[in-house]
Amino acid sequence: MSSLLEIINLRAHFPTKDGLVKAVDSVNLGMNSGERLGLIGETGCGKTVLGMSLIRLLLPSTRIEGKIIYKGRDLLKLDEEEMRKLRGKEIAMILQNPTTSLNPVLKVGDQIAEAVRLHQGLSKKEAKARAVEMLEAVKIPEAGRRANHYPHQLSGGMKERVMIAMGLACDPHFIIADEPTKGLDPATKSQIVALMKSATARKSMLMITHDLSVAGEICDRIAVMYAGELLEVASSESILKDPLHPYTVGFINSMPSRGLRPIRGFSPSLINPPQGCRFHPRCDKATEACRHSHPEMIKVKPGHQVRCLLWN
Ligand code: SF4
């Protein structure tokens, strides 16, 4: 597999009235072409900001540093016109929360057709036909009729399917999917997981999710994020069967299928994250050293990296 993406020392910080939010802090991560990588972590750990950084959909006030090398080009050095050409056609993002992401006053078929026309230069009629084709591809029954519905006329699961159809409509090479199963009931969630798995089988995907079972089912590798940093990166199998970082172990134990034992305490502030290891106030294995020394990410075995002093 060839290298698709290399994120080097990426920082995305944005000012707020309470201080500078360090949502992404010195992240290094690579992806191969055709790989599906799950980015997991609790709400507010910075994973959506990391995804948005890759497609450069952040507030203009965001201070972004580092490199995002995509197919040999640093995306942070492209001008807005060059980025606009890449979005949708080469890199697409499936945004989270379809209820707020879809335009409530436009029919869903027209919303997909608009994205296709913008990036593929199809006629109005061709774009409409492509929209119906995509709704069929994501298994929306009576796609031709549903294309004329407004978002509020569709169920939560159908709206998520529309978001996926929109993301895939221009046949992008790389997809960033942000929480595609969030808020769905278990039956709809398993349908969306099956759909994502088949629809992205020949694509590269970064899937952002707080649901480790979803990442484990769809993705080849998993990167665990906490308080703006990556803590562990390994194959999905290694993460689920042999997690090395105490946070990953806690995250797994908090899954309903593993006993629903939540990690004690709360996610830290991204304005003033804890000194030393950012996880130390919640870690049962913390020592005095963890309060002062900030662990580096180290390779513990082939393909398995972890940021924890226990492994240094
Ligand atoms: Fe826990 Fe220390 Fe490892 Fe941090 S460095 S995860 S506090 S053992």
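When reading the values below, keep in mind they use all heavy atoms of this one structure, side chains included, and skip hydrogens, waters and symmetry mates. Whatever order the structure lists them in is the order used to number ligands and atoms, beginning at 1.
Side-chain polar atoms of Q275 and H294 form no donor-acceptor pair below 3.5 angstrom. In the model, S26 has a side-chain atom that pairs as donor or acceptor with a side-chain atom of R11 under 3.5 Å.
Between V21 and V49, the closest side-chain pair of non-hydrogen atoms is not below 4.5 Å.
Atom CD1 of I94 and atom CE of M196 lie 4.5 Å apart (nearest 0.5 Å).
Listed by chain and residue number, Y247 satisfy the ring pair (Phe, Tyr, Trp, His ring centres under 6.0 Å) test with F251 (two or more places apart in sequence, or in another chain).
With a 6.0 Å radius and a threshold of 12 heavy atoms from other residues, nucleotides or ligands, R202 has its CZ atom at or below the threshold.
Take a cut-off of 2.8 Å around atom 4 (Fe) of ligand 1: the protein N, O or S atoms inside it are C277 SG.
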